[in-house]
Amino acid sequence: MSTGPPDSRPEKVRVGRSFGAAAASYDGVAGLQRAVGQFLLSRWADRIGAPGAILDVGAGTGYFAAELAARCPRARLIVLDIAESMLRVARDRLGGREAALYVCGDAEALPLASRSADFVFSNLAIQWCPDLYAVFGEFRRVLRPGGGLLFSTFGPATLDELRQAWATVDRYAHVNEFAAREAIETALRRAGFGEVISSEEIRVLEYGDVWSLMRELKALGAHNVTAGRARHLTGKSAFRQMLDAYAARTEAGGIQASFEIICGYARVGGSAS
Ligand SMILES: C[S@@+](CC[C@H](N)C(=O)[O-])C[C@H]1O[C@@H](n2cnc3c(N)ncnc32)[C@H](O)[C@@H]1O
């Protein structure tokens, strides 16, 4: 029996359920996700080219699938997400676009044929996957030679204030653990990607109080989905203790929450044919 710290790997079923429940509220609170996706598309716009088929992994409500469709009107779109209700919203958004396929599936085991895409886009989705080797191995498998990947994910400093506040209360993993940029680059190279370029940045957002932050995470579907979470309901006094510990970090007024954003581009060797 393990005596180490509790496991913090996300559980797939909970991830799908959690995001599925947030499909209706997601767009209203996804400011950070929008900003990061726009940054990805503008920073590496010249790398997108004119792909025949684009796969959006963890497409959510389809906002960026629609952006990609507008940028690459001739491309066939594969819109993939683990949560079916997210896909329904995406389908409504993309409306009458004929060259679009909606696939409910897991980024770690893509239900797609090898070499079926020329470009993979994935904005703030792969942080919910415990096995980055599986994710990038799958991206590599479905890409054709010369194909490109644009992705963003959260880094380890994400929600550090919340993690530290909970650490004053108990040893449960109340906040997901996220991979560091070096580990991401290593996983990309090991999967067979070349031309790996990445960047990281900390964005600090302000909230009125911890409740506002928790409400937003819930509306995003991004609240705690860790395997090591407390199996019992967290008691009121434990929650109060966490709130006090978080508030103690605050100078005046609201609270701050940090998000470490890791963005990257990578390409499969060989030339597109
Ligand atoms: C924060 S949302 C981002 C949605 C979209 N990319 C955007 O930028 O608005 C994360 C999405 O990833 C999906 N997701 C989480 N884990 C996944 C997995 N293992 N495979 C596929 N999709 C996943 C969730 O259901 C959710 O829709």
Side-chain angles (χ1 to χ4, degrees), residues 9-43 54-69 71 77-94 101-112 117 119-139 141-142 149-155 158-159 176-179 187 203 205 216-227 259-264:
R9 283 172 306 167
E11 293 170 283
K12 287 290 164 55
V13 176
R14 280 176 64 84
V15 172
R17 219 186 286 142
S18 178
F19 279 104
S25 54
Y26 180 85
D27 281 327
V29 286
L32 178 65
Q33 286 71 11
R34 295 282 185 271
V36 173
Q38 294 295 0
F39 171 78
L40 261 188
L41 288 179
S42 58
R43 172 153 185 199
I54 303 176
L55 166 64
D56 185 352
V57 178
T61 58
Y63 183 87
F64 288 105
E67 284 267 313
L68 288 161
R71 278 169 194 247
L77 271 181
I78 308 169
V79 183
L80 182 138
D81 202 281
I82 203 165
E84 266 183 47
S85 43
M86 283 288 190
L87 287 172
R88 279 195 288 276
V89 180
R91 190 192 290 265
D92 286 348
R93 187 191 296 277
L94 281 145
L101 185 69
Y102 300 88
V103 181
C104 190
D106 181 355
E108 289 183 359
L110 293 171
L112 300 171
F119 202 86
V120 172
F121 178 85
S122 185
N123 187 46
L124 291 179
I126 57 173
Q127 64 274 5
W128 309 114
C129 297
D131 187 351
L132 278 182
Y133 289 98
V135 171
F136 293 137
E138 282 295 84
F139 288 3
R141 180 182 67 75
V142 300
L149 162 67
L150 260 189
F151 71 94
S152 66
T153 185
F154 288 131
T158 301
L159 295 174
N176 291 83
E177 280 171 16
F178 303 105
R203 295 196 187 198
L205 302 189
E216 182 174 298
L217 293 177
K218 186 160 189 203
L220 285 167
H223 49 304
N224 177 34
V225 282
T226 60
F259 293 85
E260 181 178 354
I261 310 295
I262 299 174
C263 292

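Just so you know, ligand 1 is whichever comes first in the structure, and atom 1 is the first atom listed for that ligand.
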Mind checking whether [X] has an N or O less than 3.5 Å away from an N or O of ligand 1?
X: Asp56; value: no
X: Gln127; value: no
X: Asp106; value: yes
X: Leu80; value: no
X: Leu124; value: no
X: Thr61; value: no
X: Val15; value: no

message: Just so I know, are the side chains of Phe154 and Leu159 near enough to count as touching, which here means a heavy-atom distance under 4.5 Å?
response: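 Not in contact.
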
Under 4.0 Å, counting heavy atoms only: does [X] come that close to any atom of ligand 1?
X: Gly105; result: yes
X: Cys129; result: yes
X: Glu108; result: no
X: Phe64; result: yes
X: Ala59; result: yes

- request: List every atom of ligand 1 that sits less than 4.0 Å from any heavy atom of Gly60, numbering the atoms from 1 in the order shown and giving each element.
  value: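 Matching atoms, with element in brackets: 4 (C), 27 (O).
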
Residue, atom name and distance, where the atom is the protein heavy atom closest to [atom]:
atom: atom 8 (O) of ligand 1; answer: Asn123 ND2, 2.8 Å
atom: atom 12 (O) of ligand 1; answer: Ala125 CB, 3.4 Å
atom: atom 4 (C) of ligand 1; answer: Gly58 O, 3.3 Å
atom: atom 17 (C) of ligand 1; answer: Ile82 CG2, 3.7 Å
atom: atom 7 (C) of ligand 1; answer: Tyr26 OH, 3.4 Å

field: Greater than 12 external heavy atoms within 6.0 Å of Glu84's CD
entry: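 No, because the 6.0 Å sphere around CD of Glu84 holds 12 heavy atoms or fewer from other groups.
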
- prompt: Counting only heavy atoms, which portion of Phe19 has something under 4.0 Å from ligand 1: side chain, backbone, both, or neither?
  reply: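 Just the side chain.
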
- prompt: Checking side-chain contact (heavy atoms from CB on, under 4.5 Å) against Val135, which of Ile126, Thr153, Leu110 comes through?
  reply: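 It is Ile126, the one option of Ile126, Thr153, Leu110 that forms the side-chain contact (heavy atoms from CB on, under 4.5 Å) with Val135.
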
